[in-house]
Undergrad: 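Structure incoming, see below.
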Amino acid sequence: MELSIKYDPSKVEDKWYAWWLENRFFHSEPDGREPYTIVIPPPNVTGILHMGHVLNNTLNDVLIRKARMDGKNACWVPGTDHASIATENKVVAKLKGMGISKEDISREEFLRHAWAWKEEHGNKILLQLRKLGASCDWDRTRFTMDPDLSKAVTETFVYFYKKGLIYRGVRMVNWDPEGHTAVSDEEVVYKDTKRHLYYVRYFVSDGEGHPTDKYLTVATTRPETIMADAAVSVNPNDERYLWLRGKKVLVPLVGREIPVIEDDYVSIDFGTGCLKVTPAHDPHDYEIGLRHNLPIISVIDDRGKLTEEAVVLVGEDRFQAQKDVVGLLEAAGNLDHIEDYSSPVGYSERTNAAIEPMLSTQWFLKMGELSKNALEAVESGNVKLIPDKYRNTYRHWMENVRDWCISRQLWWGQQIPAWYLPDGRFVVESDAEKALEAARELDPAIKAEDLRQDPDVLDTWFSSWLWPISVFDPEKPGHPERESNPDLAYYYPTNDLVTGPDILFFWVARMIMAGDVFMSDVPFRNVYLTGIVRDKLGRKMSKQLGNSPDPLDLVAKYGADAVRIGMLLCSSAGNDIFYDESMVEQGRNFCGKIWNSWRLVSGWSVDEGAPQSEACRSAVKWFDNLLSRTIAEVEDNYSKFRISDALMAIYRLFWDSYCSWYLEIVKPVWGESIDRATLDATVTFFDKLLRLIHPVMPFITEELWQAMAPRKEGETIMFQPTPKAGEIDRKFLAGFDITQGAVIGVRGIRAQKQIPPKQTLGLHLEGKTVPELNPVLEKLANVELLEKVPEGPASSFIVGTVQCSVPLSGLVDSSEELGRLEAELARQKSFLEGVRRKLGNAGFVAHAPEAVIAGERKKEADALSRIEALEKTIASLSK
RNA sequence: GAGGCUUUAGCUCAGCUGGUUCAGAGCGCUUGCUUGACAGGCAAGAGGUCAGCAGUUCAAAUCUGCUAAGCCUCACCA
């Protein structure tokens with residue numbers, strides 16, 4: 001088959017992907033082989049492919065393809081996450097565009113819209129993954145809200161409730177006024193925010209609700225919550241405020257009388273030492289309120305607007321209200337002064353709205369026992385975190401985690417399986433029927449229509465923490481005692497999980513918890529945490545900055561293999577990734593190199609009768625050894641998840657060693673043929689190289705592998721075994737290093753003296769070499785090896801311990817050459833001196849291990865022989 | 001505020017248990033090549049006081065301490 005000069009991925013990639021699908025090569029069923037399983041970190045259904053996905057899924061695909069070629073039964077389960085807040089927001093926004101407000105439609109109607117949205121857009125990201133070459137078992141595609149997966153979530157809820165681990169209670173939660181829902185502590189991001197510290201005067205009451213002329217001043221960042229104040233607190237040890245003991249003060253603007261209380265929480269040296277206590281709108285104040293039995297006055301509602309209880313500015317948005325309250329305070333003479341101030345403010349991870357601490361009734365899952373066991377799984381090494389620096393972070397979190405708020409005031413998600421009786425009591429059951437039964441035990445008169453299901457849904461992570469279990473056996477979650485189905489029994493625990501450190505707690509830790517409870521085993525053995533993809537200036541990729549390229553554009557421009565290579569090249573393990581398009585170019589260039597190397601070999605004609613030259617035989621021997629050595633290195637890198645190092649090792653083997661050295665040796669001169677033995681070896685090498693690099697570059701390798709030779713129906717490189725390392729002759733490899741050094745040296749002389757490559761030169765070697773390699777040297781450097789030390793002017797250099805001289809009558813400026821040699825001689829002498837100083841050091845000889853001393857002695861001997869050779873050359877030159 | 005990580009060539013990073021001629025790789029850069037596979041290429045080069053200081057040791061890029069810069073995680077002094 002004739003190959004085009006340039007590799008064109010667009011003509012190749014879709015063809016092979018379709019063919020792989022057609023043959024169901026990605027599909028896995030349990031069998032006698034060892035399983036190798038990965039579950040995809042399910043992207044949001046709202047998602048579109050970004051560079052983070054590219055990194056993550058390329059790594060996943062490399063691992064899964066490698067395992068497949070290693071003979072394992074590789075199964076990569078794909079799917080998507082319903083992402084309740086993100087998706088609900090999208091749908092609300094879409095409805096808004098259609099002039100529909102969520103408030104105006106029923107839950108059922110809203111969910112119809114949401115499902116329609118999911119059907120239309122939800123598959124997009126999975127289709128995009130195919131462009132990357134991801135070899136997922138698409139037959140196993142799952143969605144966290146598939147009916148059976150939702151059922152798994154419900155059963156899990158019921159399980160934990162009946163175990164007494166889930167409870168319902170009034171707590172101070174993180175309220176997202178934009179998403180109109182509570183969010184968990186983990187979904188709050190704190191950002192330093194410029195704000196103001198308002199110093200406000202509270203006048204002391206005369207006892208009958210009238211102000212006296214005495215006042216105290218509190219510092220607050222949230223004047224709009226003043227109307228919700230339940231007390232003012234000072235530290236009991238603060239002598240400045242002893243006079244306030246037992247007094248009451250008046251809340252500015254509303255004139256309500258509140259007590260001055262004393263609490264240790266208040267710092268004497270912050271602000272004025274007086275704290276306004278607002279139990280409804282601050283977690284600490286809430287705690288103080290509990291201690292002092294203070295009333296709870298809510299002035300901000302779930303939309304972030306002031307309530308009736310605020311008395312002033314009712315109905316105004318909280319941010320506007322802050323400005324207006326300040327104005328009112330000033331007008332009323334209560335504002336002392338304002339300072340600039342910066343402090344962390346919590347924002348909702350999903351909507352970026354400022355979090356409003358708010359009291360509400362929510363469902364919680366107790367974390368105590370769960371987090372203890374999940375911590376143990378990592379501490380004991382049953383789950384390995386890579387890089388392991390994350391173990392600290394993980395431990396710290398697991399030791400400090402608070403109960404998980406799992407209810408969300410949303411519609412998109414699994415509705416909480418709790419049903420309320422008219423009297424407020426409730427039952428928790430997996431469906432309405434069972435709930436009715438249970439309710440009748442409480443009250444036999446209850447009818448189905450009397451029951452009302454809790455309107456809230458569960459946190460998305462409450463479904464994705466079951467993912468590694470429920471994708472295989474949705475019946476299992478909630479029922480640890482039940483026997484696993486054959487898929488779950490075979491594929492669980494999965495092997496490796498590749499994901500970002502940003503969801504270590506959200507997802508990874510919680511999967512470990514769920515695995516422990518329902519499977520009594522970890523969900524995966526290794527967690528490879530990738531870095532965050534940044535642009536080359538180190539900025540996070542974001543839509544706002546517009547610094548994130550569309551991966552599909554890159555694939556269209558450079559090909560998927562190039563994008564995969566580019567991504568891996570800049571992603572050393574555990575570090576953030578500084579993405580630069582030039583890396584993708586490098587990937588594309590590599591494709592071109594591979595392509596052309598086959599064009600060369602495929603064009604050779606073979607002379608069946610021709611004997612193999614010595615140079616060819618040595619080259620084959622060398623490359624065979626080098627291949628083995630590199631395979632060993634690559635395997636070692638893979639085992640440590642050093643994927644980019646593995647890639648680089650293959651890259652150099654392919655480009656430098658195979659193309660630039662090996663092929664240059666065996667390449668027949670124009671018009672001549674190659675012998676059979678060398679050709680066969682060359683083709684075998686190429687085949688092994690393709691297989692080695694296939695996990696990283698699936699498309700071009702399939703194309704070339706199919707082009708190399710006629711293949712049987714349905715035969716693919718995907719299932720060819722990973723090449724194995726053979727015996728390694730290290731002496732021979734070292735000998736080749738000398739040969740290479742000599743070739744480079746001669747080329748250097750040519751470049752320096754402008755001697756054309758076609759002009760054959762003489763070369764004399766002095767020192768230990770591998771004679772088998774001499775023909776290689778002669779061919780590559782275009783030299784004739786000389787038996788004797790050349791007479792007359794020569795240019796010389798040293799490789800290792802071998803002195804190389806190239807006689808160059810007429811071309812050598814002997815004084816220049818002499819100068820160079822003498823400088824080299826001086827360098828060698830000072831090196832020798834250093835080594836001898838070491839060897840002369842009694843401490844060194846006494847303490848250092850044998851091997852090190854032997855090494856130093858060898859260095860000494862080598863230096864001596866080099867010095868001798870140099871001196872000889874200098875002597876002959878100065879004649 | 002508390003923990004952790006990082007600092008090696010212009011850039012991105014290797015360098016494992018201190019000792020192998022240890023100061024490396026890729027990219028970039030410089031110079032020369034219309035060389036019968038490939039200019040997306042070939043060949044030859046230049047580039048670093050291993051962040052700084054002190055210590056341990058026969059021996060330090062590697063271990064310890066301090067300093068500086070950058071990053072991450074956790075933590076709502078109103």
Side-chain angles (χ1 to χ4, degrees), chain A residues 3 5-7 174 188 190 197-198 218-222 233 265-267 269-278 282-285 341 343-346 355 357 387 389-394 396-397 400 501-502 504-505 532 536 538 558 562 569-572 574-578 580 582-583 585-586 588-604 640 642 644-645 648-649 651-652 659-660 663-664 667 669-671 744 747-752 754 756-758 800-801 831 835 838 841-849 851-856 858-859 862-863:
Chain A
L3 268 69
I5 288 194
K6 286 194 172 155
Y7 171 62
N174 309 298
V188 179
Y190 290 93
L197 205 48
Y198 302 91
V218 304
T220 179
T221 53
R222 304 212 50 198
S233 179
Y265 169 74
V266 183
S267 331
D269 47 12
F270 187 87
T272 59
C274 296
L275 170 73
K276 76 186 201 62
V277 183
T278 319
D282 183 281
H284 284 123
D285 290 10
Y341 185 63
S343 70
V345 174
I355 288 295
K389 66 177 175 186
Y390 285 108
R391 278 176 55 169
N392 281 325
T393 317
Y394 182 86
H396 186 258
W397 191 75
N400 294 290
D502 48 333
L504 183 58
F505 307 133
I532 293 164
K536 64 174 164 184
Y558 297 102
L569 278 177
C570 51
S571 62
S572 60
N575 294 321
D576 277 358
I577 283 94
F578 294 87
D580 183 349
S582 71
M583 293 292 110
E585 281 177 31
Q586 197 182 338
R588 176 203 54 191
N589 296 351
F590 187 37
C591 289
K593 191 69 188 175
I594 294 173
W595 185 258
N596 275 297
S597 69
W598 179 249
R599 277 186 66 223
L600 172 68
V601 174
S602 66
W604 288 340
K640 293 170 182 156
R642 301 175 64 135
S644 64
D645 290 338
M648 189 46 72
Y651 178 92
R652 289 168 59 193
C659 294
S660 298
L663 289 181
E664 288 303 321
K667 177 158 95 180
V669 293
W670 178 243
I744 289 167
R747 284 175 183 164
I749 290 171
R750 286 184 193 277
Q752 209 181 8
Q754 302 192 311
K758 283 184 179 154
T801 57
F831 176 74
V835 173
K838 220 173 185 183
N841 183 329
F844 174 72
V845 181
H847 296 275
V852 175
I853 296 174
E856 291 301 314
K858 181 168 183 324
K859 280 190 209 172
D862 289 352

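Just so we're on the same page: letters track the sequence lines, and every chain starts at 1.
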Undergrad: Starting at CG of Leu569(A) and ending at P of G26(B), how long is that distance when rounded to a whole Å?
TA: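 One finds 12 Å between P of G26(B) and CG of Leu569(A), rounded.
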Undergrad: Which nucleotide, G19(B), G40(B), A37(B), lies nearest any side-chain atom of Arg599(A)?
TA: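 Nearest listed nucleotide: A37(B).
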Undergrad: When the distance from CD of Glu585(A) to P of C11(B) is rounded to whole Å, what number comes out?
TA: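 So the two atoms are 20 Å apart, to the nearest Å.
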Undergrad: Categorize Thr220(A) for me: base, sugar-phosphate, or nothing, with a 4.0 angstrom heavy-atom threshold over every strand shown.
TA: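 Sugar-phosphate contact only - Thr220(A) comes under 4.0 Å of backbone atoms but never of a base.
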Undergrad: Considering heavy-atom distances to RNA chain B, does Asn589(A) or Ser582(A) have its closest nucleotide positioned more toward the 5' end?
TA: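 Result of the comparison: Ser582(A).
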Undergrad: Could you tell me how the ring of Tyr341(A) sits relative to the ring of Phe270(A): parallel (under 30°), tilted (30 to 60°) or perpendicular (over 60°)?
TA: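 Perpendicular: the ring planes of Tyr341(A) and Phe270(A) meet at over 60°.
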Undergrad: For C27(B), does OP1 or OP2 lie under 4.0 Å from any side-chain N or O of Tyr651(A)?
TA: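 Checking Tyr651(A) against C27(B): at least one side-chain N or O falls below 4.0 Å of OP1 or OP2.
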Undergrad: Let me spell it out: for each of Thr393(A) and Tyr7(A), pick the nucleotide of RNA chain B with the closest heavy atom. Which residue's pick is nearer the 5' end?
TA: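 Per heavy-atom nearest nucleotide, the more 5' residue is Tyr7(A).
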Undergrad: Is any side-chain heavy atom of Val852(A) closer than 4.5 Å to a side-chain heavy atom of Phe844(A)?
TA: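 Yes, close enough: below the 4.5 Å cut-off.
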Undergrad: In terms of side-chain heavy atoms of Phe505(A), which of C74(B), U20(B), C13(B) is nearest?
TA: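 Ranking C74(B), U20(B), C13(B) by closest atom to the Phe505(A) side chain puts C74(B) first.
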Undergrad: In this structure, how many angstroms lie between the C1' atom of A78(B) and the CG atom of Asp285(A), rounded?
TA: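 Value for this atom pair: 7 Å.
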Undergrad: Heavy atoms under 4.0 Å, any strand shown: does Ser660(A) hit a base, just sugar-phosphate, or nothing?
TA: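 If one applies the 4.0 Å heavy-atom cut-off, Ser660(A) turns out to touch the sugar-phosphate alone, with no base involved.
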Undergrad: Looking at Thr278(A), is its backbone amide N or carbonyl O close enough to the side chain of Asp282(A) to form a donor-acceptor pair, meaning the two atoms are under 3.5 Å apart?
TA: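 No, the answer is negative, given that no donor and acceptor are paired below the 3.5 Å cut-off.
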Undergrad: Mind telling me whether G47(B) is syn or anti, cutoff 90° either side of 0?
TA: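 Syn, since the glycosidic angle lies within 90° of 0.
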Undergrad: For the pair made of CD in Glu664(A) and P in C42(B), what is the distance, rounded to whole Å?
TA: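 Taking atom P of C42(B) as the reference, CD of Glu664(A) is at 9 Å.
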Undergrad: Would you mind pulling out the nucleotide paired to G41(B), Watson-Crick or G-U wobble, both distances under 3.5 Å?
TA: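 By the stated definition (distances under 3.5 Å), C33(B) pairs with G41(B).
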Undergrad: Please report the distance, rounded to the nearest Å, between CD1 in Ile577(A) and P in C72(B).
TA: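 To the nearest whole Å, that distance equals 14 Å.
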Undergrad: Between P on G26(B) and NZ on Lys593(A), what's the gap in Å once rounded to a whole number?
TA: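 Nearest whole value for this atom pair: 14 Å.
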Undergrad: Has the side chain of Lys389(A) got a donor or acceptor atom sitting under 3.5 Å from an opposite partner on the base of C5(B)?
TA: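 Answer is no: no donor-acceptor pair is held.
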Undergrad: Once you apply the 3.5 Å cut-off to both distances, tell me the Watson-Crick or G-U wobble partner of C5(B), or none.
TA: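 Pairing partner, where one exists within any strand: G70(B).
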Undergrad: Nearest whole angstrom, please: distance from the C1' of G10(B) to the CG of Asp580(A).
TA: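 Atom CG in Asp580(A) sits about 14 Å away from atom C1' in G10(B).
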Undergrad: Would you kindly give the CG-to-C1' distance between Leu663(A) and G41(B), to the nearest whole Å?
TA: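 To the nearest whole Å, that distance equals 14 Å.
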